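Data first, discussion second: the structure below is written as structure tokens.
Only a predicted model underlies this, so the values are computations on that prediction, with no experimental measurement involved. Every chain is numbered from 1 and lettered A, B, ... according to where its sequence line falls, protein lines coming before strand lines.
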Protein chains: 2
Amino acid sequence: MGGEGGRGRAKYRRIADDLREAVTRGRYGPGDRLPGENDLMASYEVARMTARQALGVLQSEGIAESRKGAGVFVRTFRPLRRRGIERVAENRWGHGRSIWAADTEDRETVVDHLRVTEEAAPAGIGGVLALAAGDTVCVRRRRYVLDGKPVLLAASYLPAALVSGSAVTSADPGPGGIYARLAELGHAPAHFREEIRSRMPSADEADRLELGTGTPVILVCRTAFTADGRAVEVNEMTMDAASYVLEYDFDA
Amino acid sequence: MGGEGGRGRAKYRRIADDLREAVTRGRYGPGDRLPGENDLMASYEVARMTARQALGVLQSEGIAESRKGAGVFVRTFRPLRRRGIERVAENRWGHGRSIWAADTEDRETVVDHLRVTEEAAPAGIGGVLALAAGDTVCVRRRRYVLDGKPVLLAASYLPAALVSGSAVTSADPGPGGIYARLAELGHAPAHFREEIRSRMPSADEADRLELGTGTPVILVCRTAFTADGRAVEVNEMTMDAASYVLEYDFDA
């Protein structure tokens, strides 16, 4: 079948198809080295440029990654499983556990950058939080690292009028995190909305998440509402798509 | 600020940063034409290659797209909002509505390819559906088009032993779709799990979804369980990331 069907296709795409299928079938597993340019030149009788293009296809698809001087390797995809619904359940933060602990299943994510500021609300955020013009927000910006690799950038926005002077603005907000503190202030989150998108990263995001070529970001924007429907927090998350599987469990 | 900070950066990245900021601030809106190579060469006093690289950055980030002979335009992002939890609520399919209608908010998605087959279960699928070796599955493959643009590929897998000979295997399964038919067969879906990933598309996926450069796909794998915990369907969806926002609403 490949014979005739493949004749019209560019050679490098045929080679890329073969390599991809070998990865799919498990002939090359995560972390394995793929055949190099010289190997492909010999076995397919093609020019170096053609071999390079074929390996480039797998890299642009995020299946493989180049390591300088060592070759092209099957990308390891051992993702974090993020359970969107369980992780913000009140029985977690209500008992003083950090909701982030739910992310990791025994694997340790660490905050390696944390900055808390008070600033003018960005236009989109101010709208969601129903702020007036000139109202400020408390912003908690964090970067999370897993096994030394940055995997998540998060920025939480809370109305300054609600949280100013409270532990929400401290680097360490204490047991149960900011949701437990919001509850103490009379603004317990009761409902959440998560909106998910995906796109290619900006150059700045690629730098901060140390993304490989061909890796998109997943954007999760979570809004926390009190029982009477007031939005009290917007958390904008930017995730390395190669590091995460998001999971939602719910009834019919 | 830009002055010193920018000196170390490549010129094309500085220009790309300026253009991105102009898009973020709304100076160029969706569908607007960005300054062309000649404009950038004149206003930044750079070579054509530098101007081209700057426009290339915005394209690789998915912010802009090139139209042959016409220039580079801000990409229109007017996504479908897919409400993961509402859309499979029993009060939809239980009353004969198609669950897909929930995707579109008055915008019409159309199935332009549909193929129903019975085949050997792929390894991963057979595991989730707890099938024995050699058991077959009914596979419903569809492509959904919005405003003439393909936005979603979906493949539903159901145990053939459960649905063979029923309307589930018909091109048109009737009011309420396959979930209503499963309910009639005594296998009503009661619980769902959705798993979400994102990556760059394969060449085949890019062709079938007519994806522009720099557009990832969102993968949603939904498993439907009966009240006694049996998995009765796995639906693998591949979405044009530029066409979708996924939304999940839930309580603390």
Could you state the interatomic distance from [atom1] ([X]) to [atom2] ([Y]), rounded to the nearest 0.5 Å?
X: Leu246(B); Y: Leu246(A); atom1: CG; atom2: CG; answer: 9.0 Å
X: Arg199(A); Y: Ile63(B); atom1: CZ; atom2: CD1; answer: 7.0 Å
X: Asp204(A); Y: Arg20(B); atom1: CG; atom2: CZ; answer: 8.0 Å
X: Tyr248(A); Y: Arg222(B); atom1: OH; atom2: CZ; answer: 15.5 Å

Worksheet item: Closest heavy-atom contact between Arg197(B) and Tyr244(A)?
Response: CG-O, 4.1 Å
Practice prompt. Might you point out which heavy atoms bring Pro216(B) and Ser198(A) nearest each other, and give the distance in Å?
Written response: CG-OG, 3.6 Å
Worksheet entry | side-chain hydrogen bond (donor to acceptor under 3.5 Å, both in side chains) against Tyr44(B), all qualifying residues, sequence neighbours excluded | Asp18(B)
Practice prompt. Could you tell me whether the side chain of His191(B) and the main chain of Ala252(A) form a donor-acceptor pair under 3.5 Å?
Written response: no
